[in-house]
2 protein chains.
Amino acid sequence: MATIKDVSKLAGVSVATVSRYLNKNGYVSKEAELAIAEVIEKLNYRPNTIARSLAGKKTATVGLMVPDILNPFFPELARAIEDAANTYGYTVMLCNTDNDPAKEQRYIETLLHKQVDGIIISSYTIQPGHLSGLQKAGIPVVLLDNVFSSDSVVSLTVENKRGGELAAEHLLELGCRKIAHICGPLSITSSRDRTAGFEAVSAGTDWFTPSLIGYSDFTVSGGYRTMKKLLADHPDLDGVFASNDLMAAGALKALSEAGRCVPEDVKVIGFDGIGLEMLSPELSTIAQPIYELGKTAMDVLVALIGKETGIETDQVFPVTLTAKQSTVG
Amino acid sequence: MATIKDVSKLAGVSVATVSRYLNKNGYVSKEAELAIAEVIEKLNYRPNTIARSLAGKKTATVGLMVPDILNPFFPELARAIEDAANTYGYTVMLCNTDNDPAKEQRYIETLLHKQVDGIIISSYTIQPGHLSGLQKAGIPVVLLDNVFSSDSVVSLTVENKRGGELAAEHLLELGCRKIAHICGPLSITSSRDRTAGFEAVSAGTDWFTPSLIGYSDFTVSGGYRTMKKLLADHPDLDGVFASNDLMAAGALKALSEAGRCVPEDVKVIGFDGIGLEMLSPELSTIAQPIYELGKTAMDVLVALIGKETGIETDQVFPVTLTAKQSTVG
DNA sequence: AAGTTATGTGTAACCGATTACACATAGTTT
DNA sequence: AAACTATGTGTAATCGGTTACACATAACTT
């Protein structure tokens, strides 16, 4: 593989001039430019990224840490981030953390020593203290769905509480008079907020009782089990709001097995807006702008890497009601 | 961040000795060892991966190219590969190619210049010629689901044809007497093989006719549309084999909308074995050992990177029938 | 006792880029 | 005409490691 030296020799200039040409900084004469361009073409020369990183301190690589790429929410996010990264000339390193703080720490260390230019973290378990190594090294971080303000850490979230309200309101408007709620892990802020939104709307109604809230874990099987229990306790329920789409899908399955028709007997709405087009009936949901979240995360990260100032440290994105067959038939 | 020089100075030895200590090659005395270990601990020193790569030609990074991480097959693969990579101390760069040869080429170039140690490619469109740059640079490649023998390129596939046979046999054994087939893109070898397996079993029967085969595209909506058409042409069909699980899920949806009960009226089986636990009824499938495929891909890649010899260039993995509600109730 | 072999260490070249600095020349100001 | 400024280029240090090679000493061989 050709090096910058080969190019400089063949083009009859110094490596400095070639480097200036490549990076478009400093002066380079028209003649030199042409000569270099020609040689580069001829040798099919591409600068060695590793050497460039060592000298220039930039790797054009970002880390993406997600709990588990198997959860369909994260491929959507990853895809958006990868697309955006691509347009900026960045490459993405994928890290599955399993929400295991030890694994998270190991990956942060690894990414730190691989000198990624920035990191996007989606994690329920991360704590401000875990990021101190990155802060010290001046590596920018964008946090998804986990807010803790701090310099050089930007957080992106959605209107989780408003989403919970929207879901409850939607079911009420459709005539539901006994709405159950499958809530996610209480350790997760956004999960708590969604439930809070639901409660804000339901708590005042005559049908509401705390046992209509079933606690679950954001998985399909968890939603399935919790739905079964709710059905046993409240056979007359006519609406269900699950704090994420996977649990909602599990609820649909439990309802179908129990012989309930959706949406005729029971209306179901989820949260997230992941593309679960295989479901029948199709799932109504409170959709997050997942692609936009991912893209913005990357945009912001690139801005931080470029030491731009005036970046909002906390951005909250709107959610939108997407009514499908599971509520409106 | 501390460098090897800092360590060598504080420990009172040369950088060479520290390097030998770090890489466990060459001789290092007990005293030196202890002194170095102590200093490393004290400075919390970690070797700079970039510098190490530049000098040592190894980046401990591998590229993973997949068509689209949004297709649930690929997160499963990615997860397996990432887990395996992790145990070897490798990091994974994720690339979505969209089966676009130009994008593929760009990514190969990028990975080449980022000097990844190896690449795992899952692609329907890749051609032997596209890999010549990698071959020339001596970067090992493992190909998934796309066979073309060549040195330093290992291919991993599954018994696609046998899977098609298994699916057809399974439906026949369950009493189906008119089985439709939703086949995938004919441009994809494994897709053709699955269909060939189905045909091998069905072609001899009295009910078989070519119009029972519907052509589709490996997506949920494609499976849905094709199922509708098949139902219109053959209202009396009582079994469906789809060449992948996504199309099978689409078929289930179409059947449900058409008022057909699965598996009572129609039995459905897919192919792949991706975890579609949200479906009701749960989907029977011809399962590929996806996790094992991914893990093996990484194992083989590491072996190739280590210049091990005697690696089988073509490995074919078995498939297994997983009977669930969509065929056996 | 001389010749090997094993052990241990340091110097300096090298990987392939970037960039500070020195220097030269041409074009503008005063 | 002297003094600047803008343009253009090359030398060499630097990034932070690895490793070939030279050299020294200790431990075995015969």
Side-chain angles (χ1 to χ4, degrees), chain A residues 1-37 39-40 43-61 89 109-110 112-117 137-139, chain B residues 1-37 39-40 43-61 89 109-110 112-117 137-139:
Chain A
M1 198 134 284
T3 73
I4 199 172
K5 246 186 207 157
D6 302 330
V7 175
S8 77
K9 223 165 281 174
L10 265 178
V13 297
S14 73
V15 292
T17 304
V18 178
S19 179
R20 276 182 218 111
Y21 167 84
L22 291 170
N23 299 291
K24 302 187 200 313
N25 58 16
Y27 301 106
V28 178
S29 65
K30 263 275 162 291
E31 301 108 276
E33 206 172 304
L34 287 169
I36 294 169
V39 174
I40 286 180
L43 297 181
N44 189 28
Y45 165 79
R46 296 286 175 281
N48 178 313
T49 347
I50 304 287
R52 190 172 250 189
S53 300
L54 183 57
K57 312 272 172 234
K58 293 261 153 276
T59 52
T61 303
E109 279 280 304
T110 303
L112 191 56
H113 287 105
K114 292 218 172 185
Q115 306 206 184
V116 296
D117 294 339
I139 297 184
Chain B
M1 200 134 284
T3 73
I4 198 173
K5 247 186 205 157
D6 301 331
V7 175
S8 77
K9 222 165 280 176
L10 266 177
V13 298
S14 73
V15 292
T17 304
V18 179
S19 180
R20 276 182 218 110
Y21 168 85
L22 291 171
N23 299 291
K24 303 188 198 315
N25 58 16
Y27 301 106
V28 178
S29 65
K30 263 276 163 287
E31 301 110 275
E33 205 172 305
L34 287 169
I36 295 169
V39 174
I40 285 180
L43 297 181
N44 189 29
Y45 166 78
R46 296 285 175 282
N48 178 314
T49 348
I50 303 287
R52 192 172 248 188
S53 301
L54 183 57
K57 312 278 173 225
K58 292 262 152 274
T59 51
T61 303
E109 279 280 302
T110 302
L112 191 57
H113 287 105
K114 292 218 173 186
Q115 306 205 187
V116 295
D117 295 340
I139 297 183

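Below, chains carry the letters A, B, ... as their sequence lines are ordered, and counting in each starts from 1. The figures that follow rest on heavy atoms only: side chains count, while hydrogens, waters and symmetry mates do not.
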Q: Let me have a per-nucleotide readout for nucleotides 19-29 of chain C, 5' to 3', with B, S or -, counting only protein heavy atoms under 4.0 Å.
A: B----------
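A donor-acceptor pair under 3.5 Å is absent between the side-chain atoms of B/T59 and the main chain of B/S53, judged by distance alone. A donor-acceptor pair is defined here as one N or O able to donate and one able to accept, closer than 3.5 Å; such a pair exists between the side chain of B/N48 and the backbone of B/I50.
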Q: Please test B/Y45 against B/L10 for side-chain contact (heavy atoms from CB on, under 4.5 Å), starting from the C-alpha separation and ending with a verdict.
A: CA-CA 12 Å; B/Y45 166 78; B/L10 266 177; over 6 Å; no
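No more than 12 heavy-atom neighbours from other residues, nucleotides or ligands sit within 6.0 angstrom of NZ on B/K5.
Checking the phosphate oxygens (OP1, OP2) of D/dT9, a side-chain nitrogen or oxygen of A/S29 falls inside 4.0 Å. Side-chain nitrogen and oxygen atoms of A/T3 include none within less than 4.0 Å of the OP1 or OP2 phosphate oxygen of C/dG16. Applying the 4.0 Å criterion to OP1 and OP2 of C/dT7, one finds that B/Y27 has a side-chain N or O inside that range. The shortest distance between the side-chain N/O atoms of B/Y45 and the OP1/OP2 oxygens of D/dG17 is below 4.0 Å.
Rounding to whole angstrom units, CZ of residue A/R52 and P of D/dG17 are separated by 22 Å. A straight line from NZ of A/K5 to P of C/dC14 spans 8 Å, rounded to a whole angstrom. When the P atom of C/dG10 is taken as reference, atom CD of B/E31 falls 12 Å away, rounded to whole Å. Rounded to whole Å, the distance from CG on B/L22 to P on D/dG17 is 8 Å. When rounded to the nearest whole Å, the span between CG of B/D6 and C1' of D/dG16 equals 10 Å. What separates CG of B/N48 from P of D/dT14 is a distance of 17 Å, to the nearest Å. The distance between atom CD of B/Q115 and atom C1' of C/dC15, rounded to the nearest whole Å, is 9 Å. Taking atom CZ of A/R46 as the reference point, atom P of C/dG16 lies 17 Å away to the nearest angstrom.
Two end axes, each from the C1' atoms of five base pairs, can be drawn for the helix from C/dA1-D/dT30 to C/dT30-D/dA1; they diverge by 40°, to 10 degrees.
For B/S14, the side chain to side chain donor-acceptor pair (under 3.5 Å) partners at least two apart in sequence or on another chain are B/T17. Residues passing the salt bridge (charged side-chain N to carboxylate O under 4.0 Å, His left out) test with B/E31: none are found, sequence neighbours excluded. Remark: A/T61 engages B/K114 in a side chain to side chain donor-acceptor pair (under 3.5 Å) (not counting sequence neighbours). Under the side chain to side chain donor-acceptor pair (under 3.5 Å) criterion, A/S8 pairs with no residue at all, not counting sequence neighbours.
For A/L54, counting side-chain heavy atoms from C-beta on, the closest listed nucleotide (D/dG16, C/dT18, D/dT9) is D/dG16.
Residues B/V7 and B/Y21 are not in side-chain contact: their nearest non-hydrogen atoms beyond the backbone lie 4.5 Å or more apart.
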